[in-house]
Amino acid sequence: MPHLPLGLAGDFPESASRIFELEAEEGDFMQLAEAYEAITQELQEIECGIEPACHAYLAQLRRQRDALRETLFARLSA
């Protein structure tokens, strides 16, 4: 099984301390981070063959994750 990143901090290691600050201070950031991690986990399960899914659903999840990643990156960069 491929390596799973350690949550959002695994995807943005250079921003780990900022991630923890925002999660503690801003509830909406925490909700975005949780949604991102849930989608990432679901994608991992599909890509590893643990859960079956059609290509359209997989593409939809990837688009959602990419949109969340962009939003989170913008918040981390602000």
Side-chain angles (χ1 to χ4, degrees):
M1 179 178 286
H3 169 72
L4 290 173
L6 301 174
L8 190 58
D11 286 346
F12 298 103
E14 67 284 349
S15 301
S17 62
R18 181 74 175 134
I19 290 168
F20 297 123
E21 287 174 21
L22 288 172
E23 286 180 338
E25 296 170 1
E26 300 181 21
D28 63 325
F29 183 87
M30 176 66 106
Q31 290 175 340
L32 290 170
E34 288 174 349
Y36 177 81
E37 291 175 6
I39 290 172
T40 299
Q41 178 65 36
E42 186 172 1
L43 280 168
Q44 182 72 27
E45 291 173 0
I46 293 168
E47 291 167 352
C48 290
I50 297 170
E51 292 290 328
C54 69
H55 291 291
Y57 182 64
L58 185 60
Q60 175 189 350
L61 285 177
R62 287 181 177 151
R63 284 190 301 273
Q64 289 174 336
R65 181 184 60 185
D66 290 345
L68 283 168
R69 181 183 288 142
E70 288 178 24
T71 301
L72 289 163
F73 181 74
R75 296 280 298 271
L76 291 169
S77 300

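Not measured: the values here are computed from a predicted model. The basis for the numbers below is simple: all heavy atoms, side chains too, and nothing from hydrogens, waters or symmetry mates.
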Check [X] against [Y] and note the closest heavy-atom contact, atom names and distance.
X: L76; Y: S15; answer: CD1-CB, 4.1 Å
X: L72; Y: A33; answer: CD2-N, 4.0 Å
X: R75; Y: L32; answer: NH1-CD1, 3.8 Å
X: R18; Y: A78; answer: NH2-O, 4.2 Å

Short side-chain to backbone donor-acceptor contact, E51 and E42, under 3.5 Å: no
Between Y36 and R69, do the side chains contain an N or O donor and an N or O acceptor separated by less than 3.5 Å? yes
Tell me yes or no: between the side chains of Q41 and E45, is some donor less than 3.5 Å from an acceptor? yes
Within this structure, what is the [atom1]-[atom2] distance for the pair [X] and [Y], rounded to the nearest 0.5 Å?
X: M30; Y: F20; atom1: CE; atom2: CZ; answer: 10.0 Å
X: Y57; Y: R62; atom1: OH; atom2: CZ; answer: 12.5 Å
X: T40; Y: E47; atom1: OG1; atom2: CD; answer: 9.5 Å

Linked, directly or transitively: F73 and I19 (ILVMFWY side chains, under 4.5 Å): yes
Criterion side chain to side chain contact (heavy atoms under 4.5 Å, CB included) on F29 and L8, from CA distance to verdict: CA-CA 11 Å; F29 183 87; L8 190 58; 4.0 Å; yes
